[in-house]
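Counting starts at 1 for both ligands and their atoms, following the listed order. Here, residue 1 is the first one in the sequence, and each next residue gets the next number.
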Amino acid sequence: MKDQVVLTGDLRFLNLGELIQLIGSSGSTGVLHLLSKYVESPGEVYFKEGNPVDASNGMERGLKVLYSFFGWKEGEFSFSQEPLNVKPSIKKSRMQIILEGLRLLDDGEIEVKGAVGFEPSPDTADGKGGRLPVIKGPLIDYMDVVAEEDFSEGQTIVSQGRHGTWMWVVLEGTVNICKEAGEEKIPILKVGPGSFIGSMAAFSQQDEVRSATAIAADRVQLGVLDRPRLTHEYASLTSDFRNLILSMDRRLKQVTRQAAMGRVSPQPLKGVPTGKAPIIPKGGSSARLLSISAGNAFIVKSMKQGDLLLCKLEKSDFVGPVPFLNIGHEPESAAVFGTDNLQMKELNTEALAEEYARLSGTLRNMVDNCATFISATTSILYDLYKK
Ligand SMILES: Nc1ncnc2c1ncn2[C@@H]1O[C@@H]2COP(=O)(O)O[C@H]2[C@H]1O
């Protein structure tokens with residue numbers, strides 16, 4: 001493969017977090033070159049299939065160097081697709097890196113290189129302030145946008161508990177995603193252009209209950225998606241792929257519920273068979289992708305503060321790494337425990353990867369976006385639990 005520069009630009013317009021998301025959504029392998037007149041040597045971030053695996057600046061390498069690039073507020077970048085010749089030293093998921101990088105920057109732990117200072121922290125949906133990252137989706141495929149809708153700041157787009165199956169892609173502006181608990185609206189995430197609103201479970205159901213409330217944080221333009229076309233495409237997928245989509249949707253709902261509870265008080269795990277050996281240990285490199293046919297599995301993150309249950313899985317849910325998605329759970333950052341009656345069958349990851357590659361742009365973006373939401377919400381959950 002010949003080295004090929006596929007993306008160049010100015011860091012004032014696309015920051016490192018956005019670049020990582022962009023390169024991540026294209027699944028590219030190559031090197032991101034950074035140049036800043038405020039730093040002596042150029043920086044490099046090495047991407048393997050869309051994930052940063054190493055970074056270098058002068059003689060220094062690794063995750064700390066990658067975080068330092070979040071402080072490069074001015075400069076130029078170029079990304080070239082090329083084969084990699086580095087030993088991966090970074091194991092964190094894209095979203096964990098972005099969230100941690102932004103947090104370190106906000107906390108003043110990363111030196112800002114350039115004339116631009118800190119951006120003010122955006123307010124949260126409840127007006128109490130605090131930092132919520134904005135999650136952007138992959139580049140929008142306008143093929144499936146059938147209409148546009150405008151919302152003004154503070155307007156509710158969907159309300160938790162209401163029924164509805166419409167789906168949108170954010171074209172412009174930012175949307176606050178909140179969980180409602182009694183009178184309280186608990187902010188979970190902000191989502192920006194390219195992100196989707198509306199659960200993918202609606203593909204398999206005539207009726208769906210909204211799992212959260214979405215409120216326009218500023219002037220928002222949404223693209224209404226061609227649900228009949230997307231539902232038709234969904235129906236044409238293999239049952240394994242449909243189950244994968246539904247299972248991701250359930251994971252997102254569970255971690256979101258956990259994150260909302262975590263804001264009230266951290267919930268330690270109950271009733272999880274952690275006394276037994278895990279069926280997938282954290283970091284286990286030989287983990288396969290499995291589907292549950294009976295019993296339950298529990299995804300558990302072990303932290304200094306104690307074990308944290310991320311989700312409880314049941315029949316038809318997948319367990320183990322999905323090679324083409326990064327949700328930041330097992331095996332790289334969490335372990336899996338199973339009940340005694342747990343039965344699983346192995347999934348054909350090659351066939352699933354081929355099916356993923358054949359998806360329409362919009363459906364693939366929705367799947368990727370859901371994975372990013374899971375990973376981002378899980379990172380928020382970790383942060384809450386640490387406090
Ligand atoms: N943790 C989350 N991160 C991002 N978006 C979410 C999250 N939880 C819920 N949502 C969105 O909020 C929407 C509420 O309605 P739905 O359940 O149809 O679909 C939901 C998702 O699109």
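- Close contacts of ligand 1 with Thr377, meaning ligand atoms under 4.0 Å from a residue heavy atom, involve 1 (N), 2 (C), 3 (N).
- The backbone N or O of Gln96 sits less than 3.5 Å from a side-chain atom of Ser93, completing a donor-acceptor pair.
- Close approach of ligand 1 to Ala212 is summarised as follows: ligand atoms under 4.0 Å from at least one heavy atom of the residue are 9 (C), 12 (O), 14 (C).
- Protein heavy atom nearest atom 20 (C) of ligand 1, with residue, atom name and distance: Ser211 OG, 3.8 Å.
- Side-chain contact between Val191 and Thr174 is absent, with no heavy atoms from C-beta onward closer than 4.5 Å.
- On a distance-only criterion, Val191 and ligand 1 share no N/O pair closer than 3.5 Å.
- The shortest N or O to N or O distance between Lys253 and ligand 1 is not under 3.5 Å.
- Around atom NZ of Lys253, more than 12 heavy atoms belonging to other residues, nucleotides or ligands sit under 6.0 Å away.
- Judged by the shortest distance from any of its heavy atoms, Ala214 lies outside the 4.0 Å radius around the atoms of ligand 1.
- Note: Phe47 and Phe79 have perpendicular aromatic rings, judged against thresholds of 30 and 60 degrees for the angle between ring planes.
- Shown in contact with Ile188 at under 4.0 Å from a heavy atom are these atoms of ligand 1, numbered in order with element: 1 (N).
- Because its NZ or CZ atom is not both nearer than 6.0 Å to the ring centre of Phe373 and within 45° of the ring axis, Arg251 does not count as a cation-pi partner of that residue.
- Residue nearest to atom 5 (N) of ligand 1, selected from Trp168, Phe373, Phe196: Phe373 (by heavy-atom distance).
- Residue, atom and distance of the protein heavy atom nearest to atom 7 (C) of ligand 1 are Ile177 CG2, 3.7 Å.
- For ligand 1 and Ser199, the ligand atoms under 4.0 Å from any heavy atom of the residue are 16 (P), 17 (O), 18 (O), 19 (O).
- Checked against the 6.0 Å centroid threshold, Phe337 and Phe298 do not count as a close aromatic pair.
- Given atom 3 (N) of ligand 1, the protein heavy atom at minimum distance is Leu189 CD1, 3.1 Å.
- Between Trp168 and Trp166, the ring planes lie tilted relative to each other; the angle falls in the 30° to 60° range.
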